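What you see is a predicted model, and the numbers here were worked out from it, not measured in a lab. In listed order, ligands and their atoms are each counted from 1.
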Amino acid sequence: MEYEAIIGLEVHAQLLTASKIFCSCSTAFGADPNSHTCPVCTGQPGSLPVMNRKVVEFAIRMALATHCTIARRSLFARKNYFYPDLPKGYQISQYDLPLAEHGHVEILTDGRSRTIGIIRVHLEEDAGKLIHDEESMKDSHLSFVDFNRTGVPLIEIVSAPDMRTPQEAGDYLRTLSSILEYLEICDGKMEEGSLRCDANVSVRPRGESVFGTRAELKNMNSFRHVEKALDYEIKRQIDVLETGGEVVQETRLWDPHRSITVAMRGKEEAHDYRYFPDPDLVPVFVDDGWIKEIESRLPELPMERRKRFVASTRSPSMMQVS
Ligand code: ADP
Ligand code: MG
Ligand code: ZN
């Protein structure tokens, strides 16, 4: 039987603001562990978050560049879970009312143009970083935690399930990365973790209209790895179906050394985050004037520039000049 893959990506981009999303600590990379921390970003009882206006501005830049509808009022929610890199026991994110929804991006793939839908763009804070290096593990079996990254601003960009091949997913990701760079809001580097991607993928018999069960792939830290992981996973799912099995909904990790995906947790073990509106933060209000002002300062984006260059090299006046 012939199969078709369905792919949707959840992309996290670290924003290049000078300070964190809810406190005035620096976001600079490479400082001594825990030197960029305060009561707010280490989750001390009684401390209160204060929204960084620049973060909203940066997110609006991306929302405009991806043709989203921007909510005049959006809300922060608490996503509750325990992990040692998350001192508050919850991550501040957006859930019911995200900053922006219903957009799209145009990508060039295999020489043709495709439009990929954007479901939402929302704001959230990053978690800290656990350090399990060989030195510390060998002598003391200890892990360390660095909270310099807690509270660094992120935007999450969720695509519609509009991609059909690993190459298309790779091209979409490279397009997002270059838009973020043109907007000067994220450096777009997957290798350094400032751009991260979870890839959702399912397969279905060609011609079928309902989607198959999807797996979510994590742990890919380059554009190439995303393509390779999807390639492997599509073949694996087809193989499962061809041998009479069923694909189960689960989270899988890409193992770059073995070039395979490995099951991490199933649907039953999926977290229940108990989202609820964060009572410490007021809603984010955005008015038309602010949006217009941000829009007026947007740079020319990669696709527009490309089209302008192609058009100008084809125009007769340019031919005469050259
Ligand atoms: P969750 O919050 O559980 O991750 P969402 O509904 O927000 O689920 O979807 C997350 C991502 O999964 C989106 O990018 C979406 O495009 C993609 N997706 C949803 N259904 C499928 C499917 N059947 N196959 C592939 N991707 C899918
Ligand atoms: Mg998901
Ligand atoms: Zn802080």
Original post:
Given that the side chain starts at C-beta and the backbone is N, CA, C, O, which of these parts of Asp162 lies under 4.0 Å from ligand 1, counting heavy atoms, or is it both or neither?
Top reply: neither

**OP:** Tell me which one of Glu216, Arg214, Gln249, Lys267 gets a heavy atom nearest to atom 3 (O) of ligand 1.
**Re:** Arg214

Subject >> Numbered atoms and elements of ligand 1 in range of Phe211, under 4.0 angstrom, heavy atoms >> reply: 23 (N)

Subject >> Between CD on residue Glu233 and CG on residue Leu217, distance to nearest 0.5 Å >> reply: 5.0 Å

Original post:
Between atom NZ of Lys189 and atom CZ of Arg196, what is the distance when rounded to the nearest 0.5 Å?
Top reply: 14.5 Å

Subject >> Proximal atoms of ligand 1 relative to Leu9 (non-hydrogen, under 4.0 Å) >> reply: 14 (O)

Subject >> Where Leu86 and Tyr81 come nearest, the two heavy atoms and their spacing >> reply: CD2-O, 3.4 Å

Original post:
So among Asn52, Ile92, Val50, which one has a side-chain contact (heavy atoms from CB on, under 4.5 Å) with Phe22?
Top reply: Ile92

**OP:** To 10°, measure the SG(Cys38)-the Zn ion (ligand 3)-SG(Cys25) angle for me.
**Re:** 100°

Original post:
Taking both backbone and side-chain atoms of Ser159, is any N or O found less than 3.5 Å from an N or O belonging to ligand 1?
Top reply: yes

Original post:
Side chain, backbone, both or neither: which part of Val158 comes within less than 4.0 Å of ligand 1 when only heavy atoms are counted?
Top reply: side chain

Original post:
Is there a nitrogen or oxygen of Pro161 sitting under 3.5 Å from a nitrogen or oxygen of ligand 1?
Top reply: yes

**OP:** Taking only heavy atoms of Gly212 into account, list the atoms of ligand 1 that are under 4.0 Å away from them.
**Re:** 23 (N)

Original post:
Does the cation-pi check pass for Lys79 over Tyr275, that is, NZ or CZ under 6.0 Å from the six-membered ring centre and within 45° of its axis?
Top reply: no

Subject >> Whether His36 has an N, O or S atom under 2.8 Å from the Zn ion (ligand 3) >> reply: no

Subject >> Distance (rounded to the nearest 0.5 Å) between Leu99 CG and Arg72 CZ >> reply: 10.0 Å

Subject >> Partner of Glu300 by salt bridge (charged side-chain N to carboxylate O under 4.0 Å, His left out), out of Arg306, Arg305, Lys307 >> reply: Arg305

Subject >> Arg78 to Tyr90 six-membered ring, cation-pi geometry met (6.0 Å, 45°) >> reply: yes

Original post:
Which ligand 1 atoms, with their elements, are less than 4.0 angstrom from a heavy-atom of Ala160?
Top reply: 16 (O)

